[in-house]
Amino acid sequence: MSSTERLTRQAFLPESLEAQTVQGMSVGDTMATSCQAMKVDSTRRLWLHPNFSVYDNPKEGSALIISKTETGYEVDTKLVVNPEWEPEDSFERYEVPDESWIPVTRLIF
């Protein structure tokens with residue numbers, strides 16, 4: 001089979017199945033994401049990983065509820081059992097440029 005034949009048989013992901021991310025949220029959206037999406041820096045400021053997937057149906061016990069408002073991103077931890085985060089000196093291991101991290105403007109706990 002030639003490479004041209006393989007390409008003509010290649011399936012494509014429909015846009016309706018593409019995962020939405022934190023950075024793709026619009027003002028007024030409220031979505032859920034994993035607890036691992038939020039990080040704490042060494043000065044205790046809160047940040048959201050821009051590329052984490054968000055979804056409509058939260059999983060109780062492990063989901064953060066994120067709302068994007070006119071003033072920024074709010075994070076609600078009410079569905080998280082024993083919410084705890086450890087401050088980190090650097091976020092380099094996540095391979096996201098520093099300027100891409102999204103500041104949390106309000107934490108609800």
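Residue numbers run from 1 in the order of the sequence given.
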Distance-minimising heavy-atom pair for [X] and [Y]:
| X | Y | result |
| --- | --- | --- |
| Thr77 | Trp85 | CG2-CH2, 3.8 Å |
| Ala63 | Leu79 | O-CB, 3.6 Å |
| Trp101 | Val96 | NE1-O, 3.5 Å |
| Thr105 | Gly72 | OG1-C, 3.6 Å |
| Val75 | Met38 | CG1-SD, 3.9 Å |
| Val40 | Leu46 | CG2-CD2, 3.5 Å |

How long is the gap from [atom1] on [X] to [atom2] on [Y], to the nearest 0.5 Å?
| X | Y | atom1 | atom2 | result |
| --- | --- | --- | --- | --- |
| Met25 | Ser67 | CE | OG | 6.5 Å |
| Cys35 | Glu84 | SG | CD | 11.0 Å |
| Asp29 | Gln20 | CG | CD | 5.5 Å |

Check: Tyr73 and Arg106 side chains under 4.5 Å, non-hydrogen atoms: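 Of all side-chain heavy-atom pairs linking Tyr73 with Arg106, none is under 4.5 Å.
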query: Do Ser100 and Pro50 touch side chain to side chain, with heavy atoms closer than 4.5 Å?
result: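 When only atoms from C-beta onward are counted, Pro50 and Ser100 do touch, with a gap below 4.5 Å.
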task: Please answer: with hydrophobic residues joined when any side-chain heavy atoms are less than 4.5 Å apart, are Ile108 and Ile66 in the same cluster?
output: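 Per the 4.5 Å side-chain linkage, Ile108 and Ile66 are not co-clustered.
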- request: Mind jotting down which residue pairs meet the salt bridge (Lys or Arg N to Asp or Glu O under 4.0 Å) criterion with at least one end in residues 92-105? Sequence neighbours excluded, please.
  value: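 Listed once each, the pairs are Glu88-Arg93.
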- prompt: For residues 44-55, which residue pairs qualify under side-chain hydrogen bond (donor to acceptor under 3.5 Å, both in side chains), counting only residues two or more places apart or in two chains?
  reply: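 Matches after skipping sequence neighbours: Gln23-Asn51, Asp41-Arg45, Asp41-Trp47, Thr43-Arg45.
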- prompt: Given Glu74 and Thr30, is the side chain to side chain contact (heavy atoms under 4.5 Å, CB included) satisfied, shown in steps?
  reply: CA-CA 9 Å; Glu74 298 181 354; Thr30 296; over 6 Å; no
message: Under a plain distance cut-off of 3.5 Å, with no hydrogens placed, do Thr71 and Thr69 share a side-chain donor-acceptor pair?
response: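 Short answer, yes.
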message: side chain to side chain contact (heavy atoms under 4.5 Å, CB included) for Val22 and Lys68? Distances and angles first, verdict last.
response: CA-CA 9 Å; Val22 172; Lys68 185 171 181 186; over 6 Å; no
field: Step-by-step side chain to side chain contact (heavy atoms under 4.5 Å, CB included) determination, Ser34 to Phe52
entry: CA-CA 8 Å; Ser34 165; Phe52 256 76; 4.0 Å; yes
